[in-house]
Amino acid sequence: MLGVDHVDVDYDGVPAVVDVSLDLPDGLVLAVLGPSGSGKSTLLRAIAGLEPVRSGRVTWDGADLAGTPTHKRGFALMFQDGQLFQHLTVARNVAYPLRLRRARDTATRVAELLELVGLSGYGDRLPATLSGGERQRVALARSLAVEPRLLLLDEPLSALDAGLRERLAGDLSRILRAAGTTALMVTHDHEEAFAVADRIAVMRDGRLVQHGDIDAVWRAPVDAATALFLGYASVLEGGAAARVLAAAGLPAAPGSAVAVRRSALALAERGPLAATVVSARATPEQVRLVVDVVGAGALDAVAPLDHPAAPGQEVHLVVDRTRLAVLPGAAREDLSLD
Amino acid sequence: MRRALTLLGLAAVPVLVLAVFFVLPVSGMLARGFWPDGRFDPGAVLEVLTRPRVHRVLWFTIWSAGLATAVSVVLGLPAAYALHRLALPLRRTIRAALLVPFVLPTVVVGVAFRQLLGEAGPLGFLGLDGTPVAIVGALAFFNVAVVIRSVGASWESLDPRPGEAAAALGASPAQVFRTVTLPALRPSIVSAASVVFLFCATSFGVVLTLGGLRYSSVETEIYLLTTNLLDLQAAAALSIVQLVAVTALLVVAGRLRRVPDPSLARVVARPRRVRPGDAAPVVATVLLLVVVALPVVSLVVGSLRQGDRWTLDHYRALAGRGADEALLQPASDALLLSLRTAVDATWMSLVLGTLVAVVVSRRSRGRAERRLRGVLDGFFMLPLGVSAVTLGFGFLITLGRPPLELRDSALLVPVAQALVALPLVVRTLAPVLASVDERQRQAAASLGAGPLRAALTVDLPVVWRPLLAAAGFAFAVSLGEFGATSFLARDERLTLPVAIYRLIGHPGAANYGMALAASVVLAATTAVVMLAVERLRVPSLGAF
C-alpha cells in the first residue's frame, strides 16, 4: 500500500506540493486530478523519487522510501510522451526491464505484454515508425514488464487526439485491471479520470482539496472550483440556488451554493420552473438551451431532440436532483471565520 | 543531498587535476612576479605596465587580433552559408579541408606563410614577409574554420519559415538576410567572434615565427621576457593582464551562449539546390579555399625542391638529425614521440572532458546548483584562453621541485597538452549530452536501471560518435601543440613541432628544407585525422 504522509515538495524554492496526505490500497487505481500548475505532476515525481521531499514521508507498506533511489523503488513511471528508447525496437524496449533483471524467457513475456496492449506483431518495429497511440501502448507494456508494485502514469493520454484518447482510456482501464496493477495516474481531464480510476484526488495550488471514491467525490464536490473542475456547468448562489433547490424539492439552507450539471434542467410541460428560452442549439444527443429562469437568471438546460424550442419561447423546466450537488458552502465558512 | 554529492564526486577528479596542473602552475608564475624576493612588491609589476614597449605590445595584440577576427568573420560567413545550406558537391570534404588549418600546428602555419611570402616564395614580390599583414593573414587562416563551424551549425538548423514569411510580405532576399537571418544568427556570430579573438590574442607560434623581434604580442612578449631577459616581474604583469582580459571575454562568451542556441534543436533543414542567386557566396567559398590552399601548397612544393630540382631528399633527411646536428635525436623519433604523447594527451583529455561535460550539461535543480554548474563550466574553459606559455613556464617552476617532483616525468607534456585540448572536448560533448531529454534517464531509472546503466542505455547511443570525434580532435590539437610543449620538452625528447622550430632556428638550407618536410608530414597526419573525424558528422565539433 502506498502512503503519502504530510508531504511538502519545493520546486526551486517555491512550494509546489503542500501538506499532501493520501493512501492507495493495493489493486486500486487513483487519479490525481488538477489544473496545470496544481502540483500534481510534482507529487507524482516525488513518489517516483525524482524530486526530493522537503518534509513528510512517502511510504510503501509502512516503510519510508526516503533512502530508496528511483531505480530500486519498483515504481514504473510512464511519461506523457512515452519516452521510448528510439534506438531500440519495440520488443527490445519492452524487454528492457526484463533484461535488467536477467529474466528468463523474455521473448514469451514480451509477446504476452504486446498482446495485452493490442500490438501483437509489432516487436520488430522502431518507435519512430509508430503512431502516438501505439507508442503509448508500447510505453505501457514496457512499464508493465517491470511488474511494478505501483504504476505511475503522468498524463498518459494527453498527447493524443480526442477520439483516440477516449478509446485508449477504456483500454487502459481494462489492461490495468487485467494485470491487477496498483496505479496512480495524473491528469487534468476529468473524463479520463472517470474512465480509468476507482478513486480520485483533486489538487489545487499544491494542496489536496478532496480525496475519495470516484462517485462520492463526483456527487459531493467540496467547493465551487472543484465542482467546476469535475465538469459541473455552473455554480449557483443566493436566490438562484434557493429557487433551483426548491424546484428540486430539496431543503435550502441560507447562503448555500449548488453546483448544476448542464442536464440538470430539462424541458417539461408541467415543470415547476418558468423560463424564457434565450438560445437553442441542436447537438446529436439533445438540444442545448440557455434559458432565463424567473428569479434565477440565465442557466443551461436541455430539451429532447423532438421538442425544439425557439428563442423567446416561454417554457417550463423540471430539475433532476441527481444532477445537482449542494456544496458545503464557502460563504458560510467565511462567515464563521469572522 | 544525494545529487549534490554525485555532482561533487563527478567534478572532483577534473577539479583536482586542474588545480594541480593549471591553477598551481599559473599562480606560481604570478607569485614569482609579485613576491620577487619573498617580499610582496606589487609596485614593480604596476611599473611594468607604464613601459612604452608594453604599451606597444598591448596595442599590437589588440589591433592584430581584432583585425584578424574581422577578416575571419567576413571570410567565414559566406562559406558557412554555402557549405551548410547549399547542396554543393563535395561540401563535406571541403568542410573538413577548411577545418584542417585550425588544427595545423602553429609552427607549421608560420613556416608555410614564410615559405609563401618570403623573398623566394611565389608571393615574395608583395614584400609582405615580416609585416603585420602576414601575421593577421596567418591568424585569419587559422581561425576562419571556427566561424564556419559555429555559424554554419546554427545556420543549418535555422527555421526557414520566418524568412519565407518575410519574403511573402515582400522582402527581397537581401532584406530577408538583414532583417530575419542575421538577427537570428547574431548570437552564434558574436560567440564565434569572441572565441576567435581569444585564439588570436593568445596565439604564440604564429607570431613568434612570423613576427620575429619586431612584432610582439602579449604572448610572445611573455616568452621573451621569461626565457631571454629573465624579467619575471614583467612577465607576471603581462600574464595578469592576459588572465583578466581572457576571463572577462570568457564571461561575455558564456553569457552569449546562454541565449537559446538554435543549433541545439537540431532540426536540420535539407540543403537546397544551388541557384544563380547563390553565385556570390559560392565564389567567395571557392576563393577562400584557394587562399587557404596557397600556403599549404607552397609548403608542399618547398619541401620537394632543392635548388632548382625536385627531390625527396628533405624527407629522407628526416631519418637523421639535420645539418650540424641541429637536433639531438632523429626527426623521425620526434614524430614517434609526438604520436605517443598525443595518444596519452587524448585519453587524458577524453576522461576529464567527459566528466566535465556530464557535470556541466545535467539539468540543475534549484538556483544554487545552477550557479555551481555555471562556475564549474567557466573554470574548465579557462585553459582555452590562458597563455600556453604561462602554463608551460608555470609547470617548470612549480612542478619541478618537491612535493611535486614531476620535471622528469614522461607524463608532464601529455598533461599540459590534455589541458589545452580539454575545452575543445567539453565544447564538443556538452551540447550533445545537454540535448538528451532528462526524462529518458528517468524512464530508464523507473524501469529499474541504476545511474550507470541508465547512462549506457540513454547517453551512449547519442554520444559515442561525438566522443570519437572529440578524441580525433584532441589528438590533432595535441599533436600540433607548441606553446606549452616548447617549455617542457627536453632537448633529447622533442616533439615534432618543437623540433621544427629548432630546425628553422638553425642556419642552412638543408635544415630549412627538412623543417618544411617535417611540417608536411605533421600537417598530413593532422589532416588525415580530421578527415576521418569529419566522416562522423558531429555538428558541435569545432563550434563554440
- Query: For Asp61(A), does the CG atom have more than 12 heavy-atom neighbours from other residues, nucleotides or ligands under 6.0 Å away?
  - Reply: yes
- Considering only heavy atoms and a distance below 4.5 Å, find which of Leu88(A), Asp10(A), Leu152(A), Leu100(A) pairs most often with chain B. Leu100(A)
- Let me know if Phe75(A) has heavy atoms under 4.5 Å from chain B in its side chain, its backbone, both or neither. backbone
- Task: Kindly give the heavy-atom pair with the smallest separation between Pro97(A) and Leu447(B), and that separation in Å.
- Result: CB-O, 3.6 Å
- Task: Could you tell me which portion of Arg101(A) (side chain, backbone, both or neither) has an atom closer than 4.5 angstrom to a non-hydrogen atom of chain B?
- Result: neither
- Query: Do other residues, nucleotides or ligands put more than 12 heavy atoms under 6.0 Å from Arg125(A) CZ?
  - Reply: yes
- Side chains of Arg439(B) and Gln80(A), donor plus acceptor under 3.5 Å: no
- What distance separates Tyr96(A) OH from Thr457(B) OG1, expressed to the nearest 0.5 Å? 2.5 Å
- Reported OG-to-CG distance for the pair Ser446(B) and Asp154(A), which is rounded to 0.5 angstrom: 11.0 Å
- Below 4.5 Å from any heavy atom of chain B, which atoms of Ala76(A) appear? Answer side chain, backbone, both or neither. both
- Drop me the distance from Arg441(B)'s CZ to Gln83(A)'s CD, to the nearest 0.5 angstrom. 11.0 Å
- Selection from Ala449(B), Ala444(B), Pro461(B) maximising heavy-atom pairs under 4.5 Å formed with chain A: Ala449(B)
- Query: Are more than 12 heavy atoms from other residues, nucleotides or ligands located less than 6.0 Å from atom CG of Asp19(A)?
  - Reply: yes
- Kindly determine whether Gln86(A) and Gln440(B) satisfy side chain to side chain contact (heavy atoms under 4.5 Å, CB included), including the steps that lead there. CA-CA 10 Å; Gln86(A) 295 295 327; Gln440(B) 286 267 306; 5.5 Å; no
- Message: Using a 6.0 Å cut-off, check whether atom CD of Glu115(A) has over 12 heavy atoms from anything other than its own residue.
- Response: no
- Query: Nearest 0.5 Å, what's the CD-CG distance between Gln442(B) and Leu77(A)?
  - Reply: 7.5 Å
